[in-house]
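Taking it in order: structure first as structure tokens, then the write-up.
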Amino acid sequence: MSRKKKQTKTLEELLEEALVPEEEQPYELPENWVWVRLGSLSKVTGGGTPKSSVEDYYYNGEIPWITPADLSGYKDKYISRGKRNITKSGLENSSAKLLPENTLLLSSRAPVGYVALAANSLCTNQGFKSFPPTEAYIPDYGYWYLRFAKHIVDEFASGTTFKEVSGSKAAKIPLPLPPLPEQKRIVDRVESLLGKIDEAKELIQEARDSFEQRRAAILDRAFRGELTRTWREQHPDAEPADRLLERIREEKASMETRKGGRRKKAVDLSPINPPYELPQGWKWVRLGELTESTVYGTSAKANDDTTGIPVLRMGNIQRGELESDNLRYLPPDHPDVQKYQLDKDDLLFNRTNSYELVGKTAIVRAQQAGKMTFASYLVRVRLHKKNVLAQYICNYINSAIGREYLLSTVTQQVGQANINATKLIGLPVPVPPEAELKEINATLESVFGLAEQAEEWLEVNLNSLTQSILTQAFRGELGTNDPGEESALELLKRTLAEQNGLAYQSPATEELRVAEQGELYLT
């Protein structure tokens, strides 16, 4: 039996498949633009991973091989290689495909929506749906559109364990197609405007770096009593720090009584050789004299199930606060959830990390209390009178004065710096009178809070401006569109005809043919 010959679709049928129906179009476009399916401009190309157990597929490989992880945090438009290369044998024995320069790379899972252009010939793993360059669109235009349209791409993702955009779904992603000259103008205009925003962000970063130096100087003045010198002159009758320390000792004794007189084995807190002279009414003490408890976190294995309880790790401590990025989780019924619960005004101390990051400390805020736990390389420090002391101690540990002492106690193990809880509670702390301590907290909160608000405002507004520029660009509102140019519909027809070996006649050619026929008839 002879096999039926595959029927060739007409240009009209191909055009119907390529165009986005009016009811599915995200928004209205200029008259000489059209909404098209991305897969109609370029064939969707997947990737693959050579078997990792075969050394010959990777050893001394010279073919760049990109994974979504290579685009995590990646800011450049072009990418030339990832962390690993594969060999020709690896390419031939996997579903990976060699992609040409200027291929549009879109991560389709883990996560969805990273985008880059191939700076040279390369291949990807199966976490990409790629679009090789064609005559129908400028790759740079596709790049900026997908950067803008991540929310649209997300709508095409599906899956229960993790979201993924399949090849058939990727082909249906809608794209606003202008004439080719307009695509070039849009790219030039967008890159010019966003370049100015990048310059502004660099200036903000310089200001941020400068503020970090001023922040360090302000903290230094705070813990030497220089920040509140005028306050002390205005409050000569403020009770000395000894009274606050006496109340802490009373609180400690009361807690021991409630526990039936049981007390932990005392840690030897040696006398302090004062690092510098303090103002009258202040006193040097060891951190252990202010501390109710120090507890190492859970060593239980956390997972990615977001229905669980977050486990804070080293990277979640940022500038004295707890950030909720890249969290891991424990099941809600895991016994360690209660055992290592965090309360308001607890401190989390980073006991092991690089030399630059070890010892960094953050405070637990009211909205975070009772909602998360912490990993074993962090130490929970719970203070007496923590509603008064917690913010002060957090700032002090993060200051140059506190860090200088702590870093002098560091032990090094295979590139990691370590500070245990015993060394931590030996930290000498300058304690001011309670009223002055509260004044220091309020002053630092005001100064640092205003700086952070300004920084956040600038960041939010610059990001908003970026999105506004991209929104205008892909709605044809940048003022660069020329309505007299050939419609993108003709560009699409020509592309589909060339891709499928069909005849195509431009409107100009058709007009000439009709005119010639008319002249012949008249003759």
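Computed from a prediction, not measured in an experiment: that's the story for all the values here. By convention here, the first residue in the shown sequence is residue 1.
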Return yes if a side-chain donor-acceptor contact under 3.5 Å exists between Tyr78 and Asp140, otherwise no.
yes

Quick one: does Glu239's side chain get under 4.5 Å of Pro433's, heavy atoms only?
no

Separation of Ser107 OG from Ile66 CD1 (nearest 0.5 Å):
12.0 Å

Considering only NZ, NE, NH1 and NH2 on the basic side and carboxylate oxygens on the acidic side, decide whether Lys77 and Glu191 come within less than 4.0 Å.
yes

Arg247 side chain near Glu434 side chain, heavy-atom distance below 4.5 Å
yes

Heavy atoms only: give me the nearest Ile173-Leu106 pair and the separation to one decimal.
CD1-CD2, 4.0 Å

Quick one: pull up OG in Ser468 and CG in Asn463 and give me the separation to the nearest 0.5 Å.
12.5 Å

State, to 0.1 Å, how close Leu357 and Asn350 come at their nearest heavy-atom pair, and which atoms those are.
O-ND2, 3.7 Å

Ion pair check, Arg243 and Glu246, cut-off under 4.0 Å:
yes

Looking at side-chain heavy atoms only, is the closest gap between Phe448 and Ile218 below 4.5 Å?
yes

Determine whether Val311 and Asp336 satisfy the following criterion, side chain to side chain contact (heavy atoms under 4.5 Å, CB included), listing intermediate values before the conclusion.
CA-CA 10 Å; Val311 179; Asp336 282 2; over 6 Å; no

Under 4.0 Å between a Lys/Arg side-chain N and an Asp/Glu carboxylate O for Glu289 and Lys283?
no

Arg109, CZ: over 12 other non-hydrogen atoms inside 6.0 angstrom:
yes

Kindly check if the number of other-residue, nucleotide or ligand heavy atoms within 6.0 Å of NZ (Lys172) is above 12?
no

Note, Arg286 side chain near Pro428 side chain (heavy atom, < 4.5 Å):
yes

Residue from Leu389, Val388, Ile248 passing side chain to side chain contact (heavy atoms under 4.5 Å, CB included) with Leu383
Leu389

Pair Trp35, Glu24: side-chain N/O donor-acceptor within cut-off below 3.5 Å:
no

Would you list the atom pairs, donor with acceptor, under 3.5 Å between side chains in residues 365-382 and any protein atom, with sequence neighbours excluded?
residue : atom : partner : partner atom : Å
Arg365  : NE   : Glu321  : OE1          : 3.1
Arg365  : NH1  : Gln391  : OE1          : 3.0
Arg365  : NH2  : Glu321  : OE2          : 2.6
Arg365  : NH2  : Gln391  : OE1          : 2.9
Gln368  : OE1  : Arg365  : N            : 2.9
Gln368  : NE2  : Leu322  : O            : 3.2
Lys371  : NZ   : Gln367  : O            : 3.2
Thr373  : OG1  : Tyr340  : O            : 2.8
Arg380  : NH1  : Gln341  : O            : 2.9
Arg382  : NE   : Asp346  : OD1          : 2.9
Arg382  : NE   : Asp346  : OD2          : 3.4
Arg382  : NH2  : Asp343  : OD2          : 3.3
Arg382  : NH2  : Asp346  : OD2          : 2.8

Would you say Asn326 has more than 12 foreign heavy atoms packed within less than 6.0 Å of its CG?
no

How about Glu28: does its CD atom have over 12 heavy atoms from other parts shown lying under 6.0 Å from it?
no

cation_pi(Arg351, Tyr296) dist<6.0 Å, angle<=45
no

Minimum side-chain heavy-atom gap Leu424-Leu406 below 4.5 Å
yes

Measure the acute angle between the ring planes of Tyr145 and Phe148, then classify it against the limits of 30° and 60° as parallel, tilted or perpendicular.
tilted

Exercise: do Thr228 and Glu439 side chains pair donor with acceptor under 3.5 Å:
no

Only one of Leu278, Ile393, Leu290 passes side chain to side chain contact (heavy atoms under 4.5 Å, CB included) with Val431, and that residue is Leu290

I need the minimum non-hydrogen distance between Val285 and Ile272, along with the two atoms involved.
C-CD1, 3.4 Å

Check this for me: Glu251, atom CD, are more than 12 non-hydrogen atoms of other residues, nucleotides or ligands nearer than 6.0 Å?
yes

Return yes if some donor-acceptor pair links the side-chain N/O of Asn125 with the main-chain N/O of Thr49 below 3.5 Å, else return no.
no

Let me see the working for Leu312 and Leu327 under side chain to side chain contact (heavy atoms under 4.5 Å, CB included), right down to the final yes or no.
CA-CA 7 Å; Leu312 294 166; Leu327 290 171; 4.0 Å; yes

Can the ring centroids of Phe223 and Tyr392 be said to lie less than 6.0 angstrom from one another?
yes

